[in-house]
Number of protein chains: 2
Amino acid sequence: MSSNDSASRAATLSDVAQRAGVSIATASKALNGRGDVAPATRTRVLEAAEALSFTPNAMARGLLAGRTGTVGLLTSDLEGRFMIPILMGAEDAFGAGQVNVFLCDARGDAIREQHHLKALLSRRVDGIIVVGRQTDPRPSLGQDIPVPVVYAYAPSDDARDLSLTPDNYAGGRLAIEHLLACGRTRIAHVSGDPAYAAAQDRLAGARAALESAGLELIGQPMFSEWSEQWGRDAAAMLLGQHPEIDAVFCGSDQIARGVLDTARDLDRSVPDDLAVIGYDNWELLALNSRPELTSIDANLQQLGRQAAQRVFDAIDGVDIGEGTHHLPVRLVIRGSTIARR
Amino acid sequence: MSSNDSASRAATLSDVAQRAGVSIATASKALNGRGDVAPATRTRVLEAAEALSFTPNAMARGLLAGRTGTVGLLTSDLEGRFMIPILMGAEDAFGAGQVNVFLCDARGDAIREQHHLKALLSRRVDGIIVVGRQTDPRPSLGQDIPVPVVYAYAPSDDARDLSLTPDNYAGGRLAIEHLLACGRTRIAHVSGDPAYAAAQDRLAGARAALESAGLELIGQPMFSEWSEQWGRDAAAMLLGQHPEIDAVFCGSDQIARGVLDTARDLDRSVPDDLAVIGYDNWELLALNSRPELTSIDANLQQLGRQAAQRVFDAIDGVDIGEGTHHLPVRLVIRGSTIARR
DNA sequence: CTGTTAGCGCGTTCAC
DNA sequence: GTGAACGCGCTAACAG
């Protein structure tokens, strides 16, 4: 086994004090630079600590301080594509600030979520970030939680909570405006599950942008599931019924990949003959397609970082506000809408 | 803001005791079912606890018990595809056992890793799982860590450590044996970066299986990068130079997708004319290709769960052994090697 | 059955 | 400049 369990239990402050021949209090001061300690004894203490590879017990310290320097990350489903960037952003922001992150995966189960919440409170986390898997509102954890809570990606259904979520409406606008700027006017929309708020919001944004230009979608928006297969099938129908279309706005990169595939099969050249734009900027998909996929990036890592920052602020006593904040998204232009040279 | 900070700080045991009109010790016993407490007073305490929504302070409890009920998950790069299933498996296994997980992402930086390690030790985690992003051996954290350490995916380079890693050699064998069972005999190999141990191990396994059948690879194994683009390019070269091949063993699902794409372009029908097998069983890729992709699954979630179990055992004082253990992989058969009906 | 006492490891007054 | 004493929230021994 990789450790000497029985051997050296982690050294304690009194071990250090004893080895340095001083009292516990002096050792503490020396190590933390508090109070006035004679340079000689300070170095003696530091040497002792080094020799024992002393690491202060954060629990004991937290007990005194009343805060633990930990936060909880309560996710509803780790598997999702959207969790990871948010997680990374949050972990990164916290890591820099000396706080550590408890990861809890509720796996879409409310019971398990409640269980984990209890555990986090029992660990006296200083704050909690709740990360949902969709942008649809989710049940609030309630108002009687003794630490600040920020909802990321999936907003809380209680307006008194603070939620950060990507601006899908703006994303829809951005996509259409880009297509218009590319000179396209006959635009269709293929998206995923219509029960997702994301699907509806993106569509609404798209329609608004079209209306501003005095245009409409070609045909009805097509909804089914967030899969490549659906993208292929939808594109086949679409290009059969409306061969005049010159652009497709897809509700996800997966769908866009499917559309690209069918376009290829039908000898519609992308982007000259048909422009295709995806959503999510999932690089695995966007960078490996032919041509590479223009897409909308929700800046999720940024979102995670901001959620962390809000929790920080709240811990420091700053009022972080409430309500659902829609964070800006970003257009990433690649070869599926503008020909590369 | 979503919480009433200033208002109700988390209730403490003495709050409960006071409200129930008993001593702190009695309250503790009543809540934990320890010692003999009169039924009447017990209910009184429970009611008080309920009313104050009392949650025991895990830190204070840990201080006494000498263990915190937490473990550290030290990852080298959250972004990677392989982290998530391992993470999920571990979080799942621990969550069931009342222990919580500290997530630390070193982002491939040794300094940051050292920093996080220090933080974890300071938090007095009961154990640590180190998750690497490749199967190549990584530097050991050392032998003088006061808690058990298990390495997952990337094994430690010190044989005294315990490491769990997928059996890539067996995976290579499995892939070839399946192709042979399908009646294929002219098999080529397209893989990713040859600097990866994974690439070399899979190739070695493949060669062993071929040799057992008195066969050899057609052409030289082709190495470059783990991308779809490379899969496309490699397949074009391969099918040009060796049109007689009847199967391709790919080093990853991404590469396999590229190979499928080129096969389609060149009118080679899969699987009749050409069988293709991938690696990783990345469902996003494997289930969305045409036809769906046969692949090797490394059972990563299982690996995460086992790593957690080992840590559990070590905490309970069980000797968990040492050395690098190669965990079994699994063949997932789909339409790219056997025609669907 | 219940309350008192003694710490777990640490930081912080306050005397010396 | 240094050390003794107290308390953070809790549990485990004892007394009563």
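All chains are named by letter (A, B, ...) in the order of the sequence lines, taking the proteins before the strands, and each is independently numbered beginning at 1.
- Looking at heavy-atom distances under 4.0 Å, B/T12 makes contact with sugar-phosphate atoms alone, never a base.
- Rounding to whole angstrom units, CZ of residue B/R123 and P of C/dC10 are separated by 14 Å.
- Comment: A/R138 engages A/E113 in a salt bridge, judged by a side-chain N to carboxylate O separation of less than 4.0 angstrom.
- No more than 12 heavy atoms of other residues, nucleotides or ligands sit less than 6.0 Å from atom CZ of A/R67.
- In this structure, the CG atom of A/L63 is 5 Å from the C1' atom of D/dG9, given to the nearest Å.
- If you check every strand for non-hydrogen atoms under 4.0 Å, B/N57 touches sugar and phosphate atoms only.
- Between the NZ atom of B/K29 and the C1' atom of C/dC1 there is a distance of 8 Å, given to the nearest Å.
- Residues A/P166 and A/F82 fail the side-chain proximity criterion, which asks for heavy atoms closer than 4.5 Å.
- Side-chain N/O atoms of B/T26 include one lying less than 4.0 angstrom from OP1 or OP2 on C/dG3.
- Contacts of A/A38 with the nucleic acid, taken as non-hydrogen atoms under 4.0 Å apart, involve only primed sugar atoms and P, OP1 or OP2.
- Taking side-chain N and O atoms only, A/T41 has a distance below 4.0 Å to OP1 or OP2 of D/dT2.
- A sub-4.0 Å separation between OP1 or OP2 of C/dC10 and a side-chain N or O of A/S28 is absent.
- Computed from coordinates, the B/D15 CG to D/dG9 P distance equals 8 Å when rounded to whole Å.
- Here the closest heavy-atom approach between residue A/M83 and residue A/T75 is recorded as SD-CB, 3.9 Å.
- In terms of position on DNA chain C, the residue among B/V22 and B/A60 whose nearest nucleotide sits closer to the 5' end is B/V22.
- Across D/dT2, D/dT11, C/dC10, the shortest atom-to-atom separation from the side chain of B/I24 is found for D/dT11.
- Between the CZ atom of A/R124 and the C1' atom of D/dG9 there is a distance of 9 Å, given to the nearest Å.
- Heavy-atom distances to DNA chain D give each of B/R34 and B/M59 a nearest nucleotide, and the one nearer the 5′ end belongs to B/M59.
- The CD atom of B/Q18 sits 15 Å away from the C1' atom of D/dG9 (whole-angstrom rounding).
- Counting only heavy atoms from C-beta on, A/L64 has its side chain closest to C/dC10 among D/dG9, C/dT12, C/dC10.
- Across A/C104 and B/N100, no two heavy atoms sit closer than the pair SG-ND2, 3.7 Å.
- The CZ-C1' distance, from A/R42 to D/dT2, rounds to 13 Å in whole Å.
- Within the 4.0 angstrom heavy-atom criterion, only backbone atoms of the sugar-phosphate kind lie near A/L13; the bases stay farther away.
- Counting only heavy atoms from C-beta on, A/S23 has its side chain closest to D/dG3 among D/dC10, C/dT2, D/dG3.
- D/dC10 atom C1' lies 9 Å from atom CG of B/N32, rounded to whole Å.
- Nearest heavy-atom pair across B/L141 and B/V130 is CD1-CG2, 3.7 Å.
- Between A/V37 and B/R61, the residue anchored closer to the 5' end of DNA chain D is A/V37, taking for each the nucleotide with the nearest heavy atom.
- Distance from the side chain of B/P56 is smallest to D/dC10 among D/dC10, D/dA12, C/dT12.
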